[in-house]
Number of protein chains: 2
Amino acid sequence: MREVAILGVGQTPVAEHWDKSMKQLAGEAILAALRDAGVGHADALFVGNMLSETINRQQNLGALVAQEVGLRGIEAVKVDAACGSGASAFRAGLIAVTSGAVDIVIVAGVEKMSDSVGDEVTAALATAADADFEAAMGLSFVAINALVMQRYMDAFGWKHADFAPFAINAHANGQHNPFARLRHAVTEKEYERARMVADPINLLDASPTGDGAAAAILAPVDIARRRGGAKPIVTIAASAAATDSIAIHDRHDPLTLMASKLSADKAYAAAGVGPADIDVFELHDAFSIMAALSLEAAGFAERGQGPRMGLENQIGPTGKVPVATFGGLKARGHPVGATGMYQIVEVYRQLIGEGGATQVPGAKIGMAQNIGGSGAAIITHILTTG
Amino acid sequence: MREVAILGVGQTPVAEHWDKSMKQLAGEAILAALRDAGVGHADALFVGNMLSETINRQQNLGALVAQEVGLRGIEAVKVDAACGSGASAFRAGLIAVTSGAVDIVIVAGVEKMSDSVGDEVTAALATAADADFEAAMGLSFVAINALVMQRYMDAFGWKHADFAPFAINAHANGQHNPFARLRHAVTEKEYERARMVADPINLLDASPTGDGAAAAILAPVDIARRRGGAKPIVTIAASAAATDSIAIHDRHDPLTLMASKLSADKAYAAAGVGPADIDVFELHDAFSIMAALSLEAAGFAERGQGPRMGLENQIGPTGKVPVATFGGLKARGHPVGATGMYQIVEVYRQLIGEGGATQVPGAKIGMAQNIGGSGAAIITHILTTG
């Protein structure tokens, strides 16, 4: 298989972009990525998106976005795994390059949620849950996560305040990221006093949705090497995806993200590394409980001990396992189908030393993990440099 | 790149399956394909689907269907290009096998349209058109095709009756296919008298939608050869995809399916064949005008001369370019996101000699072409045997 490098990346701020359409957002991120990569053409485009069918009344996103960036005619398709769509598109683009079918590939994640009407977004997000057994009971997506968090606290003896470090770290990092939706620090007191959403998940346990797009340009590493340049070459050392039951009640263990474990273990094996080698881990902290469960399933913490990583100051940029270094889903924001590509862009920026105020010192190996549904589809990528 | 073979196929009838859910339909087709292939496991699942987010309120189809067929945990994702989703999923699965990332892959197309309420399907299908410039004007999908057909008739001097052979051939073939939605022959008189839908498209110009699922099992050809067996080995000689503007008014020429031409030309070059070598062509006859335009763009007829192929009796199973040999979209039915996989299954069955009453004598090279939108995303596959 051909080794694949990232030639460049681009992103828009996560915000309520009332003045831009979905295709304009995607176009902005892609054109920035093409400029960053120094290329003017691509052989194929893979778009990650979750909600365009309901919120934007628009399908055929591949063709739509290809035309928007002046590449009408090229192969283009949408890849979908709910909130895991971004990384799923990245994996599809990566496989296309490794197969030899194409050379230069654009992968973009995009979501334009502010086009919604009324409570459409809550209903649309619930389609990531099991329509027959969860959504049909009236469970919203945050309610499902609240049930998991409640059970987790009960099973392992944690209290709500023990999850505070996840929000505090994400916001501390996000305030330095010009692309982040929420750019203010939060304190433990603010965390504890935040308005309840679905007990025990309060506003500071939950990531804000938003509009946004992020993109990367992929090519065989030989092309990256021939081009040279000042930036370190970042390659994709491993890519793996796995699934679990959609409904939580079907899980063998509702407190283990089995698809996280399966995909992370595959990725570690492919890259020849282990959790201890990962310098930065962009995890899917849609809710603070998901941050804890991800740290455990991906091998950074013992079962039931995820919150300890935060309480022991191990998740900051200079900690043992830096997470949410640009704000994570919690502060950068969670434009659902685009999030997986924001994670890739952020790991890439850490590896080339563009982390700014939240740069992880000497980061050489980074991991991104994107989750679709309450752990139903999980995709893990490991990126390396030098 | 590794050469890839089809190990087996499965399909459900296209119908209104009131007694089966979307995942049950997908499961039925996949389990039939696994039985046909003689395998009990797969490394990955690719699902083609267009409307589950709106009609079935269900995303995460990869994980949903993987669990349904007893393969919880495997990599699984949905691939989407509107009505071209089936072939897009097939191409993604094919690329995954050629890349070496996986060996045994399931590709399934599924659509469950009868779960819709009121006129939801018409609105949902319009999402394949341009939301800002077509759907926003109130144009339904059939209305867009009606405008194209009207202009085509005007430009090239055809009258409505000249399109009759497309419907007559599709229904003549479909009546022998137990999986077809419409199993009755139609006459020229019936065609001319059919109820108008959107002038000049009448009921016999338009394909019926429906519920259904079709699946195929892919593997490196070495695995197929080692297994031996009585059935001829069918390999994928070429796969190509291309795009065009979504909105018809943006086209360089609204009467040329440029993405059909681009993807067919790429596929011919890759397979080392030309239109004259194709023994059977499963084209995307969602409307009779699309059958005419596909024959032209794919090189079987001169520009503006597609209807001549029907009038000169060249499209039947023993004609020069057999199309819709199992009924096509027109008579087999058009469960939108599943259609591309029905086409693959049908070309495969022709190549292994299971065409029954509509077998194309000595078929060795078959082509399937699947269209998303009014020509916005087009995917071409060429399959060969012995």
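If you're wondering where the values come from, they're calculated on a predicted model, not measured in any experiment. Each chain gets a letter, A, B and so on, in the order its sequence line appears, and its residues count up from 1.
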Does any heavy atom of chain A fall under 4.5 Å from the side chain of [X], the backbone, both, or neither of them?
X	value
Ile95(B)	both
Ala259(B)	neither
Ala129(B)	backbone

Heavy-atom proximity to chain B below 4.5 Å, by part of [X]:
X	result
Ala92(A)	neither
Ala128(A)	both
Ala135(A)	neither
Ala44(A)	neither

Chain A neighbours within residues 373-382 of chain B, where any heavy atom lies under 4.5 Å away:
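Residues of residues 373-382 of chain B touching chain A at under 4.5 Å: Gly373(B), Ala376(B), Ala377(B).
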At a heavy-atom distance under 4.5 Å, which candidate from Met50(B), Lys23(B), Met258(B), Lys266(B) has the highest pair count against chain A?
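The answer is Met50(B).
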Val79(B), Leu51(B), Asp80(B): which one forms the most heavy-atom pairs within less than 4.5 Å of chain A?
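Heavy-atom pair counts peak at Asp80(B).
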Option that, when pairs with chain B are counted at under 4.5 Å, heavy atom only, ranks first among [options]:
options	value
Asn56(A), Ile246(A), Leu71(A)	Ile246(A)
Leu61(A), Asp244(A), Asn60(A)	Asn60(A)
Val97(A), Thr98(A), Ile74(A), Leu45(A)	Ile74(A)
Ala242(A), Gly100(A), Gly73(A)	Gly73(A)
Ala101(A), Ser245(A), Ala76(A), Ser85(A)	Ser245(A)

Listing request: all salt bridge (charged side-chain N to carboxylate O under 4.0 Å, His left out) pairs with a residue in residues 45-66 of chain A, at least two apart in sequence or in separate chains.
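Listed by first then second residue: Arg57(A)-Glu120(A).
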Please give me the minimum heavy-atom distance between [X] and [Y], naming the atom from each residue.
X	Y	result
Val77(A)	Ala81(B)	CG2-CB, 4.2 Å
Arg72(A)	Asp250(B)	NH2-O, 2.9 Å
Ala131(B)	Gln58(A)	N-OE1, 2.7 Å

Contacts of Glu75(A) that satisfy salt bridge (Lys or Arg N to Asp or Glu O under 4.0 Å) - sequence neighbours left out:
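Counting only residues at least two positions away or on another chain, Glu75(A) forms a salt bridge (Lys or Arg N to Asp or Glu O under 4.0 Å) with Arg91(B).
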Interatomic distance, Leu64(A) atom CG to Asp130(B) atom CG [nearest 0.5 angstrom]
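The distance works out to 6.5 Å.
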Could you work out, with side-chain hydrogen bond (donor to acceptor under 3.5 Å, both in side chains) as the rule, every residue matching Asn49(A), not counting sequence neighbours?
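For Asn49(A), the residues satisfying side-chain hydrogen bond (donor to acceptor under 3.5 Å, both in side chains) (neighbours in sequence not counted) are Ser52(A), Lys78(A), Glu111(A).
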Side-chain donor or acceptor of Gln59(A) paired with backbone N/O of Ala82(B) under 3.5 Å
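No: the side chain of Gln59(A) does not pair with the backbone of Ala82(B).
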